[in-house]
Structure formats: C-alpha cells, structure tokens
2 protein chains.
Amino acid sequence: MAVTIKDVAKKANVAPSTVSRVIADSPRISLNTKKRVRKAMKELGYHPNVNARNLAVRSTQAIGVIMPSSAETALQNPFFPEVLRGIGSIAHETEYSLYVSTGGDDEQLFDEVKRMVYGHRVDGIILLYSRVNDPIMDFLVEENFPFVVVGKPYKNESQITYVDNDNIEASRELTNHLISFGHQHIAFIGGTTDLMVTKDRLLGYQSALSEVGIEVCQDYIVHDQFLRSSGKKAVEQLFALKKTPTAMVIADDMMSLGVINMLETLGLDCPDDVSITSFNNLYLSEITRPPLTTVDIQIYKLGIQSAKCLIEQLKTKDDEPARRVIVPYAIKFRQSTRKLD
Amino acid sequence: MAVTIKDVAKKANVAPSTVSRVIADSPRISLNTKKRVRKAMKELGYHPNVNARNLAVRSTQAIGVIMPSSAETALQNPFFPEVLRGIGSIAHETEYSLYVSTGGDDEQLFDEVKRMVYGHRVDGIILLYSRVNDPIMDFLVEENFPFVVVGKPYKNESQITYVDNDNIEASRELTNHLISFGHQHIAFIGGTTDLMVTKDRLLGYQSALSEVGIEVCQDYIVHDQFLRSSGKKAVEQLFALKKTPTAMVIADDMMSLGVINMLETLGLDCPDDVSITSFNNLYLSEITRPPLTTVDIQIYKLGIQSAKCLIEQLKTKDDEPARRVIVPYAIKFRQSTRKLD
DNA sequence: TTTACATTCACAAACGCTTGCATAAACTGA
DNA sequence: TCAGTTTATGCAAGCGTTTGTGAATGTAAA
C-alpha cells in the first residue's frame, strides 16, 4: 500500500537497515549513502509507519491525559482546556502526541487508563486531578507506570512526581486578606471533599482563622462540585443560616460565578453585602461583575511543567527520583472584596 | 517483558492463532477452547498490544481532532472543549481513542496533520473549523484520507462529509428579530473573513437587511478573531462612526462578552442604548449582564454527529457517498435586545 | 605482500499480532 | 467400510520497523 522502508531501500540500492539508520541519523552510515537515501525518501514521499516503529522499539511517542471522570462536565471548567493547552505546547515541541481520556464515569475512566497502559498506547500519563483513594493512581503506582499528577498526591507523596501550587499558603493569604478587611464571619465553599485541592484550600482557610483566634464554624463550610450550579446551592445553604457570612473563600472561579448570580437573586450585593475571594483566575474572573479577587494559579504553567516532568521521566528510564514542582501563585486583587466599616 | 499472546497460547495449550481468534470471538473456535483460553488470559493478566494489532490489521483505533492553528488561543473559546466533549463521548462508546492537535502556528499544525496521516497514527480526522483555501483540507482530500469537518467546506462541498448548522438562516432570523424590534442601524461583528462560519452568518445578516430594504453599510461590518479582546476593538471602531448602530449581530458569544464590557466602558447600556444578539449559546451567555439573546447551535451535538459520521465512514471503506448533517439551531431569547420606541 | 583494523553496509531475527490455508479429527450417509 | 463433509485447530507468512552480528572492502602498518 503505502511506500515502505523497503521501497526506499530498493530505490537507493541499499538494505532496509541502512535506510533505518539514515532515518536515525546513525554515524555508521557514510554521508554519501545518507544523501542518496534521503533523496530516495523525498522522491518516493516516504514516511515511516509509527506503528511498526513503536512495535519494534516498544514505545509510542504519545502521552495520555486523564481528566476527572466526570469528564462530561469536566470540560465545562476552563481549567482543563487551559492546562491541556500547556501540555499541548510542550508535547508539540518534543514531538509527542496527546491522547486524551474520554471516560464518562469512574469505571469507564479506569478502563480507559487500563487500555492506555496495557495496550501500550502511551508512554506516560498525566493525571489532571488528585483525589483521595483514587484507584487510578493506585493502579499506576502498582504497575510502576510513568506518570505525573497535577495536584498533590494523597499518599506516597515522596515517590510520585507532581506539580502543584502551594494551595494552603494561597488560601491562608486570601483569608488573611479578608480578615484584614475586618471580616469575622467568613465562609468557605469548596469542591468535593475528596479532592486534595479542596483539602489544602480548606486547610489554609482554617489555619488563617485559627491564627487570629476566630473560631472555625462548621456551618460556614460547604462542599460541592467545581461548577457554577454548585455555587448557587452553596449560597442558598449559607444564607439560610442565622448569622450569615460577610465574606467567603471560594475554591473555584466557576463556583464564584454561581455565587455571584445567586447573591444577586437573593438581593445581596457583592462586595457591598458580602465579599468574595476565589481561586484559579479563569479568564471569566475578570468579566464578572464585580471582577473577582482571585488567586492566579497559573494553569498554563501547571500544564507546561507537568508535561516537562513526564517527558523528562520518560527519557531517564526509572532511576531518577520523583520530583515536585511548585508553581508560584499570585493573588489578583480586584473588586469583589470590601473593607468592613 | 509483558505477557504476550504466545504465553497465553502456551498456557492454554493452543496455538497463538487460536488465542487471537478467541479474542476476536471467532465462531470457528469451540466454546470449550474459548473458555480455556479466556481463563488463561485472566490468570496471566493478558492484554493485547495495540501496536502489534494495528500493525497487523493496518488500522489504529484512533481518530485525530484538529483545532484551528491558533490553538494557543483556540482553547480559550469554550466552543472547542464543548465539541470535544461530544466527540469524546462517541469515541468512548465505540472504543476509539482521541488524538488532539497541539499545533502552534499554521505550519506546525499542518506538520502535525501530516504526521497523523503519513504516520498512520489515526484512522480518520475531524476538522474543527472550515476556512477558505485551507491547505490542510486540500491535503486531506488530495490524500483521500477519511475526514469530516465541523462547518461548511469552502469547496468540494458535495464530496466532503460535514456537519454544520444552517448559519445563514439562523443569522437571518436573528437579524429579523432586531428589525422587528424597530432597529434600522444594525452592525455585524464577525470572526476573520476566511472562516466559512463568518461568511454564512454575514450572508444571513445581509440578506435579512436587503429583504426589508435596509441598505447594507460597509462601515457597519467589522471582522476579527473569535475572542473577547476582539469584541472590544470592534466596538471602539463602530462607535467612532458618525451614525452609531443601535443593534448588532455578533458572530460569537466570546466576542459579545468583549462588546458588553466595552459598551460599559463607553458608558453605553445594553440593551437600553444598544441591542445585542449573538451566536453559540456558550454557558457564559447566560451569566453576562444582561444575559445574551443568542442562537444555540448545539455544540455538543455537532461533536456527536461529526464523530458518528467519521466512524461510519471508517467502517464502510470508501464507497458510501459524502454526507451532510445539519444540526438544528434554536434562538434563545434573553435580555440583551430591546424594542426601539 | 601479508596482517590488522576500520569503515560501510547487508542479513536476519526480533517486536506481538492477524489470517489464509492446510490438516486432523469427527461425523455423515450410502 | 469408505468417500465426502463438517468442525476445530495449527502452521506460517505477513504487517513495517529496529538492531545485533558479521561480511566485504579499503587502508595502513609490518
């Protein structure tokens, strides 16, 4: 069918092996032959068959990207496209291809990972989330398959390469900002509790409160998915309380969006009635009204770094110890918070 | 290294070919042997090597997804994640894998397509855009490589399978809506002129105006990228005119976002001073203030349909004529338009 | 002129799977 | 009992590469 290495060999009057070595630019082939072979390749429009190559060298030049199983909804959070963009840029540079997960529920996603791993479809995997007791992560370490996670692993932290922000510190800083504005009744709205990122952000919030002697009130802490609709629900819950909060730390911009909407529906003004701070600095955090004070976690860089780590890891077969990359964050102060009189 | 078909064969006391046939569930193998082989597979934890399989059957179970070359920015428009989501869901169902492009500029993107095609990395391709004189599309038809495009091809329309909305009609309807509200000075803000989708939407707009005898004024037509920043620029340009428009048809929600922002900066109110209608019904079109009247093009379905078409096409090697699928649209009337007194 | 050693390349065996063809066994019916 | 037929499985040749090994040629030293 297509033109193969043999055709080229025939045309250039050499053996297939020689052609192969020319492709690999092996020093064992004389410049003359190389030229001749290259010419033949050009003329025939030859392109190597990756499958055959992969089979022979036992490697694909591809990396798998796993999004949370709620992938149906995951892509609705701009976080993922953005981190994908970062990964893609490195993948492109290094001539790796990108395999993305398509899984619906948890089980399907797991199947897909298995397919990637067992089927030798990818050389390594990037996990775009980190949750407690994640069977996929367990599987990956079990199989000793190269992978890196975006977020902090829930266990084996020292053996797993990961890239993350210092979410605890960021959250603490955010909370302190609210405290310095005179807020005492500060609520926390986080993603599902099994996400490490939620845990860390909650931790920072709690520690900031404790530090200044504010009691951490469980009623002020609500959890749900990183979606807009969830933000709405959370607000309903919080503002049904006796003593309603005057400020909140929200773990995701998408949720903040929902919060703002809901606040409006309840006839509450942000920041006049309640101050809001959140996370991620999605592009939409600038366009909400008011624009959000949010921590820029540099999503794109998270993608870049995770891809770099993985590829590095693939190059240096094993040995190399696990690495940890902490991408710095920066709080973007905008108009969603207000000093209490 | 890993467990291969031979290991299974040995363990089950059959030939490798038999194992292969068991995997394929061939009727030529007796139920008894099947059971025995399956047991052996289980026990050894056998998983077929896709590379080897692909090499043998000359197919990968993968489809490539090509986003516009400005991929760096493309993923910033939620259109792409959303359509990807649709594609992914079908891919998953049919056990296809997804290869996404990572290309930076036009040339890189083209390279990547070549790699996919020549390298036999994918069985077919979905093109997520359609622009005039697109070398990639030309290449694909030239190579007679299976592909479908989301959007209307700029040529060879009858030979290319594509899925699209009736953008002309949608745009006409949108414009008529504005006209029925008494607007006479209606501007059009579109994406770059080489995009087919821009062309169609412009066409609908123009035809609606002509039908009721409103002159189409070139000053009222501006073009730029489907980005928020572009929307801003467009507004500046339009409101520097002597006779400023009282309404606009905008070809993309992201742009509308920019438009609304800019309008505000200029001290203009939407819809009081200017009515806005736009396209795509991204989730953010509900959360802008005011919520946008926009046409819901059913992005997710576009993804679904394109994937279905492609896979269908892959099954029925050639023969089958090209298909065209028009996904119905629905205008979402919200608060961004107002009747002129 | 012979030996020793580079240099340059070809041979052939993998890699793990599919599949056309051959064959052996078991069954049919006369 | 035997030819004919069906059923169940094995053999071996691919698929298009890579790569270890060794053969042929050339060159320099002895």
Side-chain angles (χ1 to χ4, degrees), chain A residues 1-41 44-62 95 115-123, chain B residues 1-38 40-41 44-62 95 115-123 317:
Chain A
M1 181 141 304
V3 22
T4 81
I5 209 170
K6 284 185 199 153
D7 303 320
V8 177
K10 202 165 296 172
K11 173 136 192 163
N13 256 317
V14 296
S17 51
T18 303
V19 178
S20 171
R21 283 188 243 269
V22 170
I23 295 172
D25 204 20
S26 154
R28 288 177 44 185
I29 305 294
S30 70
L31 197 60
N32 252 326
T33 337
K34 275 186 188 171
K35 274 186 187 150
R36 196 151 38 91
V37 171
R38 293 218 176 94
K39 184 152 158 275
M41 296 200 303
L44 291 169
Y46 168 76
H47 287 266
N49 178 319
V50 244
N51 271 323
R53 169 164 216 291
N54 289 343
L55 182 58
V57 303
R58 274 173 240 57
S59 117
T60 71
Q61 280 267 309
E95 303 228 299
R115 256 171 58 198
M116 286 190 185
V117 173
Y118 288 140
H120 298 267
R121 283 171 189 271
V122 300
D123 290 345
Chain B
M1 184 140 303
V3 22
T4 82
I5 209 171
K6 283 186 201 153
D7 302 321
V8 178
K10 202 165 295 169
K11 174 137 192 164
N13 257 316
V14 295
S17 50
T18 303
V19 178
S20 171
R21 285 188 245 269
V22 171
I23 295 172
D25 203 21
S26 154
R28 292 175 40 185
I29 305 296
S30 71
L31 199 59
N32 251 327
T33 343
K34 274 186 187 170
K35 274 186 187 149
R36 195 151 39 89
V37 171
R38 293 219 175 93
M41 297 200 302
L44 291 168
Y46 168 77
H47 286 266
N49 178 321
V50 242
N51 272 323
R53 169 164 217 291
N54 289 343
L55 182 58
V57 303
R58 276 174 238 57
S59 116
T60 71
Q61 279 270 308
E95 302 228 299
R115 256 171 57 198
M116 286 189 184
V117 173
Y118 288 140
H120 297 267
R121 283 172 189 272
V122 300
D123 290 345
K317 281 292 177 211

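Heavy atoms only: backbone and side chains are in, while hydrogens, waters and symmetry mates are out. Quick note on labels: first sequence line is chain A, next is B, and so on, each numbered from 1.
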Does the C/dC9 base have a donor-acceptor partner in the side chain of A/Thr18 within less than 3.5 Å?
->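 Side chain to base: no pair below 3.5 Å.
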
base_contact_polar (D/dG10 base, B/Arg21 side chain, donor-acceptor, <3.5 Å) |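 Donor-acceptor pair under 3.5 Å: yes.
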
Go through residues 4-13 of chain B and report each residue with a non-hydrogen atom lying under 4.0 Å from DNA chain C, sorted by number.
->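 Of all residues in residues 4-13 of chain B, the ones placing a heavy atom under 4.0 Å from DNA chain C are B/Thr4, B/Ile5.
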
Where along residues 25-38 of chain B does a heavy atom fall under 4.0 Å from DNA chain C?
->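 Those residues whose heavy atoms fall under 4.0 Å from DNA chain C, taken from residues 25-38 of chain B in numerical order, are B/Arg28.
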
Just to confirm, is there a sub-4.0 Å distance from OP1 or OP2 of D/dT18 to any side-chain nitrogen or oxygen of A/Arg53?
->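 True: A/Arg53 side-chain N/O within range (under 4.0 Å) of D/dT18 OP1/OP2.
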
Determine, step by step, whether B/Val117 and A/His47 satisfy the side chain to side chain contact (heavy atoms under 4.5 Å, CB included) criterion, reporting the C-alpha distance in whole Å, the side-chain angles of both residues, the deciding distance to 0.1 Å, and the verdict.
-> CA-CA 9 Å; B/Val117 173; A/His47 287 266; over 6 Å; no

Is the shortest heavy-atom distance from the side chain of [X] to the side chain of [Y] under 4.5 Å?
X       : Y       : result
A/Arg36 : A/Val22 : no
A/Lys34 : A/Asp25 : yes
A/Thr18 : A/Ile29 : yes
B/Met41 : B/Ile23 : yes

Gap between atoms CG and C1', on A/Leu55 and C/dA13 respectively (whole Å) =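 One finds 13 Å between C1' of C/dA13 and CG of A/Leu55, rounded.
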
Find the distance A/Asn54:CG to D/dG16:C1' and express it as a whole number of Å.
->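 So the CG-C1' distance, A/Asn54 to D/dG16, works out to 11 Å.
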
Taking all non-hydrogen atoms of both residues, which atom of [X] and which atom of [Y] are closest, and how far apart?
X       : Y        : answer
A/Glu95 : A/Gln61  : O-OE1, 3.5 Å
A/Pro16 : A/Ala9   : N-CB, 3.6 Å
A/Asn51 : B/His120 : ND2-O, 3.6 Å

Just call it for A/Val14: base, sugar-phosphate, or nothing, with non-hydrogen atoms closer than 4.0 Å on any strand.
->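 Counting heavy atoms under 4.0 Å across all strands, the contact made by A/Val14 is with sugar-phosphate only.
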
Which part of the nucleic acid, if any, lies within reach of A/His120 when heavy atoms closer than 4.0 Å are counted: base, sugar-phosphate only, or nothing?
->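 Touches nothing.
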
Taking for each residue the nucleotide of DNA chain D with the nearest heavy atom, is it A/Ser17 or B/Ala56 whose nucleotide lies nearer the 5' end?
->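 Upstream on the strand: B/Ala56.
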
What nucleotide among D/dG10, D/dT17, D/dC15 has an atom nearest to a side-chain atom of A/Tyr46?
->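 Between D/dG10, D/dT17, D/dC15, the one nearest the side chain of A/Tyr46 would be D/dT17.
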
Proximal nucleotide (of D/dT18, D/dT17, C/dA10) relative to the A/Asn49 side chain |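 Nearest listed nucleotide: D/dT17.
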
Report the C-alpha distance between A/Val37 and A/Arg21 in whole Å, list the side-chain angles of each, state the deciding distance to 0.1 Å, and finish with yes or no for side chain to side chain contact (heavy atoms under 4.5 Å, CB included).
-> CA-CA 10 Å; A/Val37 171; A/Arg21 283 188 243 269; over 6 Å; no

Gap separating the CG atom of B/Asn54 from the CG atom of A/Leu55, nearest 0.5 angstrom =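 B/Asn54 CG to A/Leu55 CG: 10.0 Å, rounded to 0.5 Å.
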
Quick one: which of A/Val3, A/Val8, A/Thr4 gives a side-chain contact (heavy atoms from CB on, under 4.5 Å) with A/Lys6?
->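 Filter result, single survivor: A/Thr4.
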
In degrees, rounded to 10°, what is the bend between the two ends of the helix from C/dT1-D/dA30 to C/dA30-D/dT1, using five pairs at each?
->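 End-to-end axis angle: 50°.
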
